[in-house]
Number of protein chains: 2
Amino acid sequence: MVDQPDFHAPLYEVKANLFKGLAHPVRIRVLELLAESPQVSVADLIAGTGQEASNLSQHLSVLRRHHLVLAERRGLQVFYRLAYPQVADLLTVARSLLTEVLTTTQKNLELSMALPNGSASAEDRP
Amino acid sequence: MVDQPDFHAPLYEVKANLFKGLAHPVRIRVLELLAESPQVSVADLIAGTGQEASNLSQHLSVLRRHHLVLAERRGLQVFYRLAYPQVADLLTVARSLLTEVLTTTQKNLELSMALPNGSASAEDRP
DNA sequence: TCATTAATTTAGGATTTCATCATATAACAA
DNA sequence: TTGTTATATGATGAAATCCTAAATTAATGA
């Protein structure tokens, strides 16, 4: 049987599911390594992430299930690559967003140091 | 105290954490509603998502904690908006990726119907 | 060909963690 | 006080992670 995504689930569920597939540091690390090089062997991913083989393999399986990566066996080794360029885009946008968040939070922090009155609270609760 | 993100966590952990904040259908729904209109009141978000107020409020709190949205009280109502344009970008890229996944999976499905030999397996395992 | 070694994946299980959702209560503005 | 939104609490269940061990697959050499 060919593994098909949920064609009938509402799009926002599918989308949430996609993000669930990305929601682990090891998997992010793997995707970043794959975004740098067009192909990476499992051995190199083990080295790059510092994970045990079986642990990494399960994360790779998650990534495969979400259609984020493709695997190809060549001899003894299996090589992984990103399944679509949009996967790398996702990481790029995420980094850009986090940079913004960090710098503006940094700024707010400096501001609140300069004007030490309780201007902002725990999570900018209104 | 101003709520500051984890400045010292490795970036891939922060990134994974960001995706964790996005990994729920209700929150995706909320962000999509906010991407459509520059401002939405909680009442409208309740209507738009079909969630109970307290439930939605907790999801909003998650989104705030991740710095994805901003809240502003105006009289009785609280209005939410996206904290950064990159949040909308993230959704856009996600949709683009999912579209690709669905169409290529669709194609593979048709292919496997036309050539009914076991060409591909459960998750394109090598 | 058979046995051996290497690389990767799967099975099964224990643990933890996390997440969600409802009820009830609080805070806040008009 | 009334209406609107937020938090606390707690129960529940789900599920994600990570380990050990075993299985699969491919290359190599006797």
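Every chain is numbered from 1 and lettered A, B, ... according to where its sequence line falls, protein lines coming before strand lines.
- Closest-nucleotide positions on DNA chain C for L76(A) and N55(A) were compared, and the one nearer the 5' end corresponds to L76(A).
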Please determine whether side-chain contact (heavy atoms from CB on, under 4.5 Å) holds for the pair L60(B) and L45(B), giving the CA-CA distance in whole Å, both sets of side-chain angles, and the decisive distance to 0.1 Å. CA-CA 10 Å; L60(B) 290 174; L45(B) 291 175; 4.0 Å; yes

For V30(A) and H59(A), run side-chain contact (heavy atoms from CB on, under 4.5 Å): C-alpha distance rounded to whole Å, both residues' side-chain angles, the deciding distance at 0.1 Å, then the answer. CA-CA 9 Å; V30(A) 167; H59(A) 284 297; 5.7 Å; no

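- Summarising the geometry, the separation between CZ on F79(B) and P on dA6(D) is reported as 12 Å, rounded to the nearest angstrom.
- For the pair E72(A) CD and dA7(C) P, the computed distance is 18 Å after rounding to whole Å.
- Within the structure, a side-chain polar atom (N or O) of H24(B) is placed less than 4.0 Å from OP1 or OP2 of dT20(C).
- Using a 4.0 Å heavy-atom distance criterion, Q51(A) is classed as making no nucleic acid contact.
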Can T49(B) and N55(B) be said to form a side-chain contact (heavy atoms from CB on, under 4.5 Å), step by step? CA-CA 11 Å; T49(B) 62; N55(B) 193 2; over 6 Å; no

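- Put simply, CD on Q77(A) is 14 Å from P on dA26(D), counting in whole angstrom units.
- Within the 4.0 Å cut-off from OP1 or OP2 of dT9(C), at least one side-chain nitrogen or oxygen of Y80(A) is found.
- Of the candidates dT5(D), dA8(D), dA6(D), dA6(D) carries the atom nearest the S57(B) side chain, counting heavy atoms from C-beta on.
- Using a 4.0 Å cut-off, no side-chain N or O of H59(A) falls inside it from OP1 or OP2 of dA16(D).
- To the nearest angstrom, C1' of dT9(C) lies 10 Å from CG of L60(A).
- Distance CD (Q58(B)) to P (dA24(C)): 15 Å, rounded to an integer number of Å.
- Applying the 4.0 Å criterion to OP1 and OP2 of dA16(D), one finds that R65(A) has every side-chain N and O outside that range.
- When heavy atoms are screened at a 4.0 angstrom cut-off, A53(A) is found touching base atoms of the nucleic acid.
- The side chain of R73(B) places no N or O atom within less than 4.0 Å of a non-bridging phosphate oxygen (OP1 or OP2) of dA30(C).
- In terms of heavy atoms, H24(A) sits closest to A16(B) at C-CB, 3.5 Å.
- Using a 4.5 Å heavy-atom threshold, the side chains of R29(B) and Q51(B) count as separate.
- For R27(A), whose side chain is taken as the heavy atoms from C-beta onward, the closest listed nucleotide among dT20(D), dA6(D), dT17(D) is dT17(D).
- Between the side chain of S54(A) and the base of dT20(D), a donor-acceptor pair under 3.5 Å is found.
- Atom CG in L63(B) sits about 16 Å away from atom C1' in dT7(D), given to the nearest Å.
- The CD atom of E52(B) sits 15 Å away from the P atom of dA6(D) (whole-angstrom rounding).
- Computed from coordinates, the E13(A) CD to dT20(C) P distance equals 12 Å when rounded to whole Å.
- Closest-nucleotide positions on DNA chain D for V42(B) and A23(A) were compared, and the one nearer the 5' end corresponds to V42(B).
- Residues R64(B) and S57(B) approach most closely at NH2-O, 4.0 Å, considering heavy atoms.
- Among the protein residues, R74(A) comes within range of no part of the nucleic acid, since none of its heavy atoms lies under 4.0 Å from any strand.
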